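The block underneath contains the structure these notes are about, expressed in structure tokens.
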Amino acid sequence: MLKLPEVRNEFDALPPEAREALVRMLRAISRACRESAAHAYQTRKPPMYTYWQGLAVNTRHLALAGRATVENTRRS
């Protein structure tokens, strides 16, 4: 998602503290989505499992990409 110029520009415009907070929020969202996916799996609801698991993966990937940019900013 950070390869999209609009998203990258907005992310780069954030102060470092806001970037770190956004990464923490994305990690929390990913954990909550994984919990929802596990619940859907246990209750035998495959479409909801797929939805929550996909959302968990997307938010985790964005958090990892965001974390990498935060770490690069610290080194500079």
Side-chain angles (χ1 to χ4, degrees):
M1 286 186 203
L2 289 177
K3 288 189 177 184
L4 297 171
E6 299 86 2
V7 175
R8 183 59 183 234
N9 292 340
E10 292 296 326
F11 192 80
D12 288 343
L14 294 172
E17 300 81 21
R19 291 183 196 185
E20 291 174 15
L22 182 58
V23 167
R24 284 192 305 272
M25 286 185 342
L26 289 167
R27 285 182 177 164
I29 291 169
S30 182
R31 280 191 300 272
C33 290
R34 282 194 309 271
E35 290 171 8
S36 294
H39 176 71
Y41 184 81
Q42 292 168 352
T43 57
R44 295 180 176 82
K45 296 180 180 176
M48 292 309 298
Y49 167 78
T50 303
Y51 170 79
W52 288 115
Q53 193 64 28
L55 194 57
V57 169
N58 287 339
T59 55
R60 175 141 170 83
H61 285 178
L62 190 53
L64 290 171
R67 185 182 73 184
T69 62
V70 167
E71 289 174 358
N72 287 340
T73 305
R74 287 183 192 156
R75 290 183 207 148
S76 299

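Note that the structure is predicted; figures quoted are calculated from it, not measured.
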Applying side-chain contact (heavy atoms from CB on, under 4.5 Å), can you list everything that pairs with [X], at least two apart in sequence or on another chain?
X: M48; answer: A40, K45, Y51, W52
X: P15; answer: E17, A18
X: L22; answer: F11, L14, M25, L26

**ring-ring contact (aromatic ring centres under 6.0 Å, His included) pairs, two or more places apart, involving residues 24-50** =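 Qualifying pairs, neighbours excluded: Y41-Y49.
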**Request:** Kindly compute the distance separating CG (L55) from OG1 (T50), expressed to the nearest 0.5 Å.
**Result:**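 Going from CG on L55 over to OG1 on T50, the span is 12.5 Å.
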**Sequence neighbours excluded - salt bridge (Lys or Arg N to Asp or Glu O under 4.0 Å) pairs with any residue from residues 48-70** =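 Pairs touching residues 48-70 that pass the test: R67-E71.
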**Message:** Which residues pass the salt bridge (charged side-chain N to carboxylate O under 4.0 Å, His left out) test with E20, not counting sequence neighbours?
**Reply:**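 Partners of E20 by the salt bridge (charged side-chain N to carboxylate O under 4.0 Å, His left out) criterion, ordered by chain and then number, come out as R74.
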**Side-chain cluster (under 4.5 Å, hydrophobic types only) that V57 belongs to, other residues** =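 The other cluster members (ILVMFWY side chains, heavy atoms under 4.5 Å, direct or chained): none.
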**Request:** Measure across V23 and A63 and return the closest heavy-atom pair with its distance rounded to 0.1 Å.
**Result:**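 Result for this residue pair: CG1-O, 3.8 Å.
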**Prompt:** Is there any side chain to side chain donor-acceptor pair (under 3.5 Å) pair reaching into residues 23-37, and which pairs are they, with sequence neighbours excluded?
**Reply:**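 Applying side chain to side chain donor-acceptor pair (under 3.5 Å) to every pair that reaches into residues 23-37, excluding sequence neighbours, yields S30-R34.
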**Counterpart residues, side-chain hydrogen bond (donor to acceptor under 3.5 Å, both in side chains), relative to D12 (two or more places apart)** =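 Scan of D12 (side-chain hydrogen bond (donor to acceptor under 3.5 Å, both in side chains), adjacent residues dropped) gives R8.
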